[in-house]
S.K.: 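Here it is, the structure, as structure tokens.
Every number for a ligand or one of its atoms is a count from 1 in the order of the listing. Both backbone and side-chain heavy atoms feed into the values below; hydrogens, waters and symmetry mates do not.
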Amino acid sequence: MSVPHFLTLLDLPSSDVLEIVSRAIELKTNPAAANNQSRKTLGLIFEKSSTRTRVAFEVAMTQMNGASLFLTSGNSQLGRGEPIEDAARVLSRMVDCVAMRTFAHNDLERFAAYSRVPVINALSNDFHPCQLLADMQTFIEHRGSISGKRVAWVGDGNNMCQSYINASSVFDFELNIASPADFSPDSDLLAANSDRVSVSTSPRQAVADADLVVTDVWASMGQESEKAKRLIAFADFEVSGELMSLAKADALFMHCLPAHRGEEVTAELLDRDASVVWDEAENRMHSQKALLEYLLN
Ligand code: CP
Ligand code: NVA
């Protein structure tokens, strides 16, 4: 049987992704129910910074009696030019699962192609599927099923936005994206999901009657040199209490964090009851634990 990978939400059967989220909700209330992963090791390879994703994986493995080890390109031979394919062949003979945070999404695909063990995308320039497990868990915990609901994405057509596009088909919701003209998500991805995903340059239009409003930073990791240009391009895309008032009265607000108060979101909105960003962050641990349980067993 071929090894399952989780490079995007579409790599696993949709029913399994839904089950992972249900299991995460269960493990949150009953952590002791998690399967024992003693003698199992998760390898973490991070080319970019992380707080939530790394801590969630390491704590999840610790709580399941497994181990994890943390590598970067700076402290491994990857940074000295060892081919990704060779690193995959070697590491996957020693560890039981690998979670990798990269720039190029293709680096993850190359690693997975040569790995004997499951590979998880811990964020690439194109997708951040682990965050979507936590976001879906958080919505379901607060409001029940997201099927048939209306989600608004306001901001950059980045890795998070593109993961929301994938999630719209897996979890069956409508997604209205508002991005500045030059910052739309991938056109092929949009075309493949045109039945449930729309794009405009109007945050007000996207947020109208939404059940969930989501945003993210305007300059992602690796785009630091574009920050000044992006601050200008995204000036009208801040999510505020006033913008949220166009959504449904019980609409939730999410942000994968870290957030820049006064840029993509107002400080005031982040602290409102509608903002579930702290639950969302906590759920990274429960959902990644459920994902690890699924891939390791
Ligand atoms: N949301 C998220 O992935 O956070 P980190 O970059 O801290 O892992
Ligand atoms: N879009 C952001 C998400 C950070 C969790 C980035 O890639 O930097």
Side-chain angles (χ1 to χ4, degrees), residues 6-9 24 42-61 68 70-73 98-108 120-139 153-167 177-180 182-186 189 212-227 229-231 233-234 237-239 253-261 263-265 270 275-289 291-292:
F6 188 65
L7 307 190
T8 79
L9 285 171
L42 170 68
L44 298 159
I45 307 173
F46 278 49
E47 293 179 356
K48 293 173 174 171
S49 304
S50 172
T51 299
R52 283 144 285 267
T53 310
R54 175 186 177 178
V55 173
F57 274 128
E58 293 201 16
V59 171
M61 283 306 284
S68 53
F70 186 73
L71 299 174
T72 67
S73 30
V98 171
M100 198 171 174
R101 174 167 282 201
T102 61
F103 289 88
H105 188 75
N106 180 247
D107 287 353
L108 268 161
I120 298 170
N121 179 359
L123 181 149
S124 68
N125 286 351
D126 294 349
F127 295 103
H128 194 9
C130 289
Q131 182 70 51
L132 263 292
L133 296 179
D135 287 21
M136 296 299 101
Q137 175 183 352
T138 308
F139 187 91
W153 176 271
V154 179
D156 194 15
N158 63 10
N159 45 10
M160 276 299 301
C161 177
Q162 298 198 148
S163 298
Y164 263 91
I165 297 176
N166 282 342
I177 299 168
S179 299
D182 294 337
F183 299 91
S184 298
D186 179 74
L189 188 62
L212 168 65
V213 178
V214 196
T215 191
D216 185 16
V217 292
W218 293 340
S220 286
M221 289 182 276
Q223 298 173 331
E224 289 77 9
S225 66
E226 297 175 25
K227 180 143 191 195
K229 180 184 92 178
R230 285 170 171 266
L231 276 175
F234 286 86
F237 286 74
E238 180 178 64
V239 182
F253 171 76
M254 291 192 200
H255 188 311
C256 63
L257 305 179
H260 294 76
R261 291 167 172 82
E263 291 183 19
E264 74 275 5
V265 60
L270 214 49
S275 165
V276 288
V277 299
W278 313 118
D279 290 343
E280 190 186 355
E282 176 188 336
N283 285 341
R284 299 296 305 279
M285 203 277 286
H286 305 296
S287 56
Q288 284 168 217
K289 191 192 281 178
L291 174 66
L292 287 167

S.K.: If you measure every N or O of Ser220 against every N or O of ligand 2, does any of those distances drop under 3.5 Å?
M.R.: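 Among all N and O atoms of Ser220, at least one is under 3.5 Å from an N or O of ligand 2.
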S.K.: Let's go through Ile177 and Ser184 carefully: what are the C-alpha distance in whole Å and the side-chain angles of both, what is the deciding distance for side chain to side chain contact (heavy atoms under 4.5 Å, CB included) to 0.1 Å, and is it a yes or a no?
M.R.: CA-CA 8 Å; Ile177 299 168; Ser184 298; over 6 Å; no
S.K.: Going by the order shown, which atoms of ligand 2 are within less than 4.0 Å of some heavy atom of Asn158?
M.R.: 1 (N)
S.K.: I need the atoms of ligand 1 closer than 4.0 Å to a non-hydrogen atom of Thr51, numbered in the order shown.
M.R.: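 So the atoms of ligand 1 that pass are 5 (P), 7 (O), 8 (O).
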S.K.: Looking at Asn158 and Cys161, would you say the former's side chain and the latter's main chain have a donor-acceptor pair under 3.5 Å?
M.R.: yes
S.K.: Considering the heavy atoms of Leu257, write down every atom of ligand 1 situated less than 4.0 Å from one of them.
M.R.: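 Listed by number with element, the hits are 1 (N), 2 (C), 4 (O).
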S.K.: Does ligand 1 have any atom sitting under 4.0 Å from a heavy atom of Leu123?
M.R.: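 No; Leu123 lies far enough from ligand 1 that no heavy-atom distance drops under 4.0 Å.
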S.K.: Taking all non-hydrogen atoms of both residues into account, name the closest pair between Phe6 and Cys130 and its distance.
M.R.: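 Between these two residues, the closest heavy atoms are CE2-N, 4.0 Å.
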S.K.: How far is atom 3 (C) of ligand 2 from its nearest protein heavy atom, and which residue and atom is that?
M.R.: Asp216 OD2, 3.6 Å
S.K.: Looking only at protein heavy atoms, which one is nearest to atom 4 (C) of ligand 2, and how far off is it?
M.R.: Leu123 CD1, 3.8 Å
S.K.: Under a 4.5 Å cut-off applied to non-hydrogen side-chain atoms, are His105 and Gln162 in contact?
M.R.: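 No, every pair of side-chain atoms sits at 4.5 Å or beyond.
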S.K.: Which protein non-hydrogen atom lies closest to atom 8 (O) of ligand 2, naming both residue and atom, and how far is it?
M.R.: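 Going by distance alone, atom 8 (O) of ligand 2 is nearest to Met221 N, 2.8 Å.
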S.K.: Are any of the N or O atoms of Cys256 closer than 3.5 Å to those of ligand 1?
M.R.: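 Yes - when backbone and side-chain N and O of Cys256 are compared with those of ligand 1, one distance drops under 3.5 Å.
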S.K.: Is ligand 1 under 4.0 Å from a heavy atom in the side chain of His255, in the backbone, in both, or in neither?
M.R.: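 The answer is neither; His255 stays 4.0 Å or more away.
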S.K.: May I ask you to identify the nearest protein heavy atom to atom 2 (C) of ligand 1, giving residue, atom name and distance to one decimal place in Å?
M.R.: Arg284 NH1, 3.2 Å
S.K.: Applying the side chain to side chain donor-acceptor pair (under 3.5 Å) test to Thr53, which of Lys48, Gln131, Arg284 qualifies?
M.R.: Arg284
S.K.: Regarding Arg54 and the six-membered ring of Phe70, is the cationic atom NZ or CZ under 6.0 Å from the ring centre and inside 45° of its axis?
M.R.: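 Checked: cation-pi criterion met.
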S.K.: Side chain to side chain contact (heavy atoms under 4.5 Å, CB included) between Val277 and Thr138: does it pass, once the steps are laid out?
M.R.: CA-CA 9 Å; Val277 299; Thr138 308; over 6 Å; no
S.K.: Over all heavy atoms of both residues, which pair between Arg230 and Asp156 is shortest? Give the atoms and the distance, please.
M.R.: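 Smallest interatomic distance, heavy atoms only, reads NH1-OD2, 3.0 Å.
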S.K.: Please verify whether a non-hydrogen atom of Lys48 lies at under 4.0 Å from ligand 1.
M.R.: no
S.K.: Identify which of Met221, Met160, Arg54, His128 has a heavy atom lying nearest to atom 3 (O) of ligand 1.
M.R.: His128
S.K.: Check each heavy atom of Asn159 against ligand 2 and say whether those closer than 4.0 Å belong to the side chain, the backbone, both or neither.
M.R.: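 Within the 4.0 Å criterion, Asn159 contacts ligand 2 through side-chain atoms alone.
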S.K.: If you measure from each non-hydrogen atom of Leu257 to ligand 2, which part falls under 4.0 Å: side chain, backbone, both or neither?
M.R.: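 Under 4.0 Å from ligand 2, Leu257 contributes backbone atoms alone.
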S.K.: Spell out, as yes or no, whether a donor-acceptor pair under 3.5 Å connects the side chain of Thr72 to the backbone of Glu47.
M.R.: no
S.K.: Pull out every atom of ligand 1 sitting under 4.0 Å from any heavy atom of Arg52, numbered as shown with elements.
M.R.: 1 (N), 2 (C), 4 (O), 5 (P), 7 (O), 8 (O)
S.K.: Evaluate the criterion side chain to side chain contact (heavy atoms under 4.5 Å, CB included) for residue pair Phe57 and Leu292; output intermediate values, then yes/no.
M.R.: CA-CA 8 Å; Phe57 274 128; Leu292 287 167; 3.9 Å; yes
S.K.: What atoms of ligand 1 come closer than 4.0 angstrom to any heavy atom of Arg101?
M.R.: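 Answer for ligand 1: 3 (O), 5 (P), 6 (O), 8 (O).
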S.K.: Would you mind reporting whether Thr215 and Met160 have side-chain heavy atoms less than 4.5 Å apart?
M.R.: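 No, their side chains stay 4.5 Å or more apart.
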